[in-house]
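Step one of this worksheet: look at the structure below.
We're numbering straight along the sequence, starting at 1. No hydrogens, no waters, no symmetry mates; every other heavy atom, side chains included, goes into these values.
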Amino acid sequence: AMMAALGGVVQHFVKLPGFDTVPSGLSAVTTAPGTYAFAALFLAAGALELGPWSENASKDPGNFGDPAGLGQYTEEFRQRELNNG
């Protein structure tokens, strides 16, 4: 929720190159460059959800291990995450 609030503020002031004419807010989806970016983001998120981020029947629900390979996923870390909700 905090990142979403920050994104709502930053999108008003920061524009990516090539998207200078795209309006801020939800109206960005109805303009030409914004529509293409939304479609690309939607397809990328769908591919990740169906591919590497899909559930595995041999693991507990929500247990994705250490997908970034940072070596920070331990049983202690998992228990802390589960206990903190």
Side-chain angles (χ1 to χ4, degrees):
M2 304 246 342
M3 290 298 288
L6 181 64
V9 174
V10 170
Q11 69 156 343
H12 185 71
F13 298 106
V14 178
K15 300 272 186 175
L16 294 175
F19 293 93
D20 299 330
T21 60
V22 177
S24 297
L26 292 175
S27 59
V29 179
T30 61
T31 58
T35 303
Y36 305 142
F38 175 73
L41 181 64
F42 185 80
L43 291 174
L48 287 172
E49 287 287 334
L50 294 174
W53 291 349
S54 61
E55 293 281 345
N56 188 347
S58 65
K59 295 182 181 179
D60 293 331
N63 182 2
F64 297 105
D66 188 13
L70 299 175
Q72 297 178 343
Y73 186 79
T74 62
E75 188 60 32
E76 177 191 357
F77 178 77
R78 178 157 168 75
Q79 292 303 320
R80 274 197 275 162
E81 285 292 319
L82 290 173
N83 290 335
N84 289 328

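Here Ser58 pairs with Asn56 under the side chain to side chain donor-acceptor pair (under 3.5 Å) rule; sequence neighbours left out. Residues meeting the side chain to side chain contact (heavy atoms under 4.5 Å, CB included) test with Ser24, sequence neighbours left out: His12, Lys15. With sequence neighbours left out, Val14 forms a side chain to side chain contact (heavy atoms under 4.5 Å, CB included) with Val10. The salt bridge (Lys or Arg N to Asp or Glu O under 4.0 Å) check on Glu76 picks up Arg80, with sequence neighbours excluded. In terms of the side chain to side chain donor-acceptor pair (under 3.5 Å) criterion, residue partners of Glu75 (sequence neighbours excluded) are, by chain and number, Gln79. Residues passing the side chain to side chain contact (heavy atoms under 4.5 Å, CB included) test with Tyr36 are Ala32, sequence neighbours excluded. Partners of Phe77 under the side chain to side chain contact (heavy atoms under 4.5 Å, CB included) rule, at least two apart in sequence or in another chain, are Tyr73, Thr74, Glu81.
Grouped with Val29 in one hydrophobic cluster are Phe38, the linkage being side-chain heavy-atom contacts under 4.5 Å among Ile, Leu, Val, Met, Phe, Trp and Tyr residues. Grouped with Leu16 in one hydrophobic cluster are Phe19, Val22, the linkage being side-chain heavy-atom contacts under 4.5 Å among Ile, Leu, Val, Met, Phe, Trp and Tyr residues. Other residues sharing the hydrophobic cluster of Leu26, ordered by chain and number and joined by side-chain separations under 4.5 Å: none, the residue standing alone.
Shown here for Pro33 and Gly18, the closest heavy-atom pair between the two residues is CB-O, 4.4 Å.
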Tell me which donor-acceptor pairs under 3.5 Å the side chains of residues 44-53 have, and how far apart each pair is, sequence neighbours excluded?
none

